[in-house]
Every structure is written in structure tokens, then in C-alpha cells.
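Notes follow the structure.
Not measured: the values here are computed from a predicted model. To find a chain, count down the sequence lines: A is the first, B the second, and so on, and within it residues start at 1.
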Amino acid sequence: GAVVSQHPSRVICKSGTSVKIECRSLDFQATTMFWYRQFPKQSLMLMATSNEGSKATYEQGVEKDKFLINHASLTLSTLTVTSAHPEDSSFYICSARDWSSQETQYFGPGTRLLVL
Amino acid sequence: GENVEQHPSTLSVQEGDSAVIKCTYSDSASNYFPWYKQELGKRPQLIIDIRSNVGEKKDQRIAVTLNKTAKHFSLHITETQPEDSAVYFCAASYTGNQFYFGTGTSLTVIP
């Protein structure tokens, strides 16, 4: 099946620093990738839709200048949390849509971010 | 935008019994409804999905039903096993665009 990787799996940073998370589709091309945020014991909240070669579309309430998304190739999207604060601590998960299967999204393993 | 509600939030069943999780959605344009299973600290895994042109789909012990008129869909797990214990999420989408997830159901199968 389709494989999506994320790096790093876990990161601890100081408040005020920026953190970059990578999401890669390993065996398929993903024209669209999605970024979610998940708090403990809660659902996945869609943050933004990332389309290769164009600007990301952010969901209402998500600050685009805070969460920078770049989708430079068909297999890589990055999420940069800028000037991170403790309230940004969360589990960030990406997913990628296989263009050939239209609807199915495959999820990465997630990145646990802790901002001190 | 789409709003997906999911019930129950927690569910405990005896091993071998059936489990049913229900979801409702608000946007009649939604036409793709996947179900994901997420174990603690791991990624969501697609277990079954259904498109709006189908009323029911089955895959071994797992089945999903869809009622477009009422805008609700359900996951049915038969002959539950301890390894079925996890959090299950439903989602609604229009042609695979943004997924809007339900709030999740924590299923515990008691041996």
C-alpha cells in the first residue's frame, strides 16, 4: 500500500524557535497533501490543504503566517511552525492523496511537538 | 462547512459481540465517507470507505452503511476481537478533498 513518512517523529524546542516538519509520499505521487493537528484524545483537525506548486489553503482560524506550508514537489510537503509557543505543542499529522485513487488519503506517522 | 458528528464517544463490548458506531454529516454535497482506525500514538489507518452511490459495503467483519437522505453512515464490526480495540474516526469529504473528521469513538473489546 501507499506509504507516507514524516520527519521528525518527535521534537522538543524552546519557545520562540521555528520547527520544520517534513511529509513525504514514498511510493506514489501526491498532488495534494493535508496537514492535521491532533490534541490528546481528540479528533484530527484539518489545518490546511497543500497543493503541489501552489499556495496552501488554510482552514478558518489557522494562521498562515504561523504555520508555513510548502509543497515543492509531488512527494514532499513541509510544515514550519514559526515562533513556536507552548500552546503549539501537539501531534501534527500529514496525509497524502494518491492522484490515481482520487479520494483515498494515506496518513504519515505523525510528529509530536513539545514547546518548552 | 461540513460538520461531522460521531456517537458514541466510548464503547465497550464483550469479545465476539458486535460494535456499531454512527456518524452524521451536514453537507449534502459530501460523497466520500472513509473510516479510520487509530491506535494510541500511531497514524490513522483506513479500514473501509464508501461512496455516495453505494448504500452498503462489507469487508470481512467490517461493514459500512450509508443513508444519503438522512445524511448518516455507520460502521459495523462483527465478532469483535481484542485487537479491534482502538479509536475509530469517521470522515466526510467531497470527492476526496478536505476530510472532516468526527470526534472519534474509543472502542474497548473485553476478552
Evaluate side chain to side chain contact (heavy atoms under 4.5 Å, CB included) for A/F67 paired with A/V62, printing each intermediate quantity in order. CA-CA 8 Å; A/F67 300 99; A/V62 178; 3.9 Å; yes
Answer yes or no: is there an ion pair linking B/D27 with B/K71, defined by an N-O contact shorter than 4.0 Å? no
Hey, is A/R24 close enough to A/E22 for a salt bridge, meaning N to O under 4.0 Å? yes
Hey, quick one: are [X] and [Y] part of the same hydrophobic cluster, counting side-chain heavy atoms closer than 4.5 Å, chains of contacts allowed?
| X | Y | answer |
| --- | --- | --- |
| B/V20 | B/Y88 | no |
| A/V4 | A/W35 | no |
| A/M33 | A/F107 | no |
| A/L74 | A/Y106 | no |
| A/I69 | A/Y36 | no |

Separation of [Y] [atom2] from [X] [atom1] (nearest 0.5 Å):
| X | Y | atom1 | atom2 | value |
| --- | --- | --- | --- | --- |
| A/F34 | B/Q98 | CZ | CD | 6.0 Å |
| A/H7 | A/L76 | NE2 | CG | 11.5 Å |
| B/L75 | B/I50 | CG | CD1 | 11.0 Å |
| B/N31 | B/Y94 | CG | OH | 6.5 Å |
| A/R37 | A/Q42 | CZ | CD | 10.5 Å |
| A/S77 | A/N70 | OG | CG | 7.0 Å |

Under 4.5 Å from a heavy atom of chain A, the part of [X] involved:
| X | result |
| --- | --- |
| B/Q6 | neither |
| B/F101 | both |
| B/P34 | neither |

Can you tell me which portion of A/Q38 sits under 4.5 Å from chain B's heavy atoms? Options are side chain, backbone, both or neither. side chain
Using the benzene-type ring in the case of Trp, are the ring centres of B/F73 and B/F33 under 6.0 Å apart? yes
Measuring centre to centre across the rings, with the benzene-like ring taken for any Trp, is B/Y25 within less than 6.0 Å of B/Y100? no
Output the option from A/P40, A/G110, A/G108 having the highest count of non-hydrogen pairs under 4.5 Å with chain B. A/G108
Spell out the residues in residues 48-59 of chain A that have some non-hydrogen atom less than 4.5 Å away from a non-hydrogen atom of chain B, in order of number; otherwise answer 'none'. A/T49, A/E59
Interface residues of residues 87-95 of chain A facing chain B - heavy atom cut-off under 4.5 Å: A/F91, A/I93
Neighbourhood of chain A inside residues 102-111 of chain B, taking heavy atoms under 4.5 Å as contact: B/G102, B/T103
Which residues in residues 76-84 of chain B have a heavy atom less than 4.5 Å from any heavy atom of chain A? none
Does atom [atom1] ([X]) have a neighbourhood of more than 12 heavy atoms from anything else shown, all under 6.0 Å?
| X | atom1 | value |
| --- | --- | --- |
| B/L40 | CG | no |
| B/K68 | NZ | no |
| A/K64 | NZ | no |

